[in-house]
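The analysis underlying the following values was restricted to heavy atoms, covering all of them including side chains, and did not include hydrogens, waters or symmetry mates. Quick note on labels: first sequence line is chain A, next is B, and so on, each numbered from 1.
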There are 2 protein chains.
Amino acid sequence: MQTIGKLSKTTGVKVPTIRYYEEVGLLPEAERSTGNQRLYGSATTDRLSFIRHARDLGFTLEAIRDLLSLSDTPDQSCAAADQIAKAQLVAVRDRLARLRALEIELERMIAQCAQGTIADCRVIKVLGNHDLCGHEHSQKDQAVQ
Amino acid sequence: MQTIGKLSKTTGVKVPTIRYYEEVGLLPEAERSTGNQRLYGSATTDRLSFIRHARDLGFTLEAIRDLLSLSDTPDQSCAAADQIAKAQLVAVRDRLARLRALEIELERMIAQCAQGTIADCRVIKVLGNHDLCGHEHSQKDQAVQ
DNA sequence: CTTGAACCTCTAGTTGCTAGAGACATTAAG
DNA sequence: CTTAATGTCTCTAGCAACTAGAGGTTCAAG
């Protein structure tokens, strides 16, 4: 059992953010000490690290809720879990493709820089390239995120 | 020359968001028609697509500002550009590693689902794994994003 | 048993949009 | 050439996901 401060340090999630996640239901309500302070077991560390990474990768709290539900209700219908997993997989692959393109371009720029010039920066072109992302740029699509 | 609505459609960025980006300086102030409506050339399409993708990949507007500065000021010192590019490259690679791990896990789950069970979901473990991300989980680090 | 760090709740502010009101501009149809 | 529909304008307000601060309580080291 650890306090919220310890949990914050091990996961890198700020203390108020942890309380916020509890408030919005991403974390279960914590046990309390006799003096009303939150106490956490090690399972929360994993869960919170997961949330942190997923947020950092650009997933919304809603998407994260979906992903967590895969873990939380292992006995739910496979069809439902499958649908969630597949939708998220599409989103993940899409991001991978674009990140790879950006990686290559940054590498190119750094290499060019070593030769003393960055006159032809194509960093904008790279992510502007439609072919790299498998989806349309529609309003609907944007909302999904 | 296209109107803001057309630009919105081709890039998938909502009209008010485009105006917002202009307001915060990510887009230059647009030319205006005689009737005071914004008009955009094709360069803005690329720039806006870039911003959209970068946002979607989880970069902050500040990080995007940095990346755009590589394009905007090709005559700036190579050392500065190099530093920005290298920092962003580290961030990009970090994300790639974690996204790949998540991809693999989602694939595994979907495969397992095809066999009728998802009893052992390890989706949380995957992103909770410290070894996959090259950075410490410190407050400072979190602020950088 | 005290004192200073860590914790509590609650309210308010920040970032990055997003939606709505009310007014002007543009376009296409009659 | 008018008029209706659609698009755009500015401005204000709201939402998501935090983040910081005030004012008070708890804990744990000395």
Calculate the interatomic distance between [X] atom [atom1] and [N] atom [atom2]; express it in whole Å.
X        : N       : atom1 : atom2 : value
Leu39(B) : dG7(D)  : CG    : P     : 16 Å
Leu48(A) : dC18(D) : CG    : C1'   : 14 Å
Tyr20(A) : dT9(C)  : OH    : C1'   : 17 Å
Glu22(A) : dC18(D) : CD    : C1'   : 16 Å
Lys9(A)  : dA5(C)  : NZ    : C1'   : 10 Å
Leu7(A)  : dA6(C)  : CG    : P     : 15 Å
Glu62(B) : dT14(C) : CD    : P     : 16 Å
Met1(A)  : dC7(C)  : CE    : P     : 16 Å

Respond yes when some side-chain nitrogen or oxygen of [X] is under 4.0 Å from OP1 or OP2 of [N], and no when none is.
X        : N       : result
Thr17(A) : dA17(D) : no
Arg38(A) : dC8(C)  : yes
Thr3(B)  : dT8(D)  : yes
Arg32(B) : dA25(C) : no
Ser33(A) : dT26(D) : no
Arg19(B) : dT10(D) : no
Tyr21(A) : dA17(D) : no

Rounded to the nearest 0.5 Å, how far apart are CZ of Arg100(B) and CZ of Arg95(B)? 14.0 Å
What's the spacing between Leu96(B) CG and Leu99(A) CG if we round to 0.5 Å? 4.5 Å
Joint hydrophobic cluster, Phe50(A) plus Val24(A), side-chain heavy atoms closer than 4.5 Å: yes
Are Arg65(A) and Glu62(A) close enough for a salt bridge, meaning some N to O gap below 4.0 Å? yes
Of Gly35(A) and Pro16(A), the one whose nearest nucleotide on DNA chain D sits closer to the 5' end is Pro16(A)
Nucleotide of dC17(C), dT18(C), dC27(D) approaching Lys14(B) most closely (side-chain heavy atoms): dT18(C)
Can you tell which of dT26(C), dC18(D), dC8(C) lies closest to the side chain of Thr34(B)? dT26(C)
Glu107(B) and Leu89(A): which non-hydrogen atoms are nearest, and at how many Å? CG-CD2, 4.0 Å
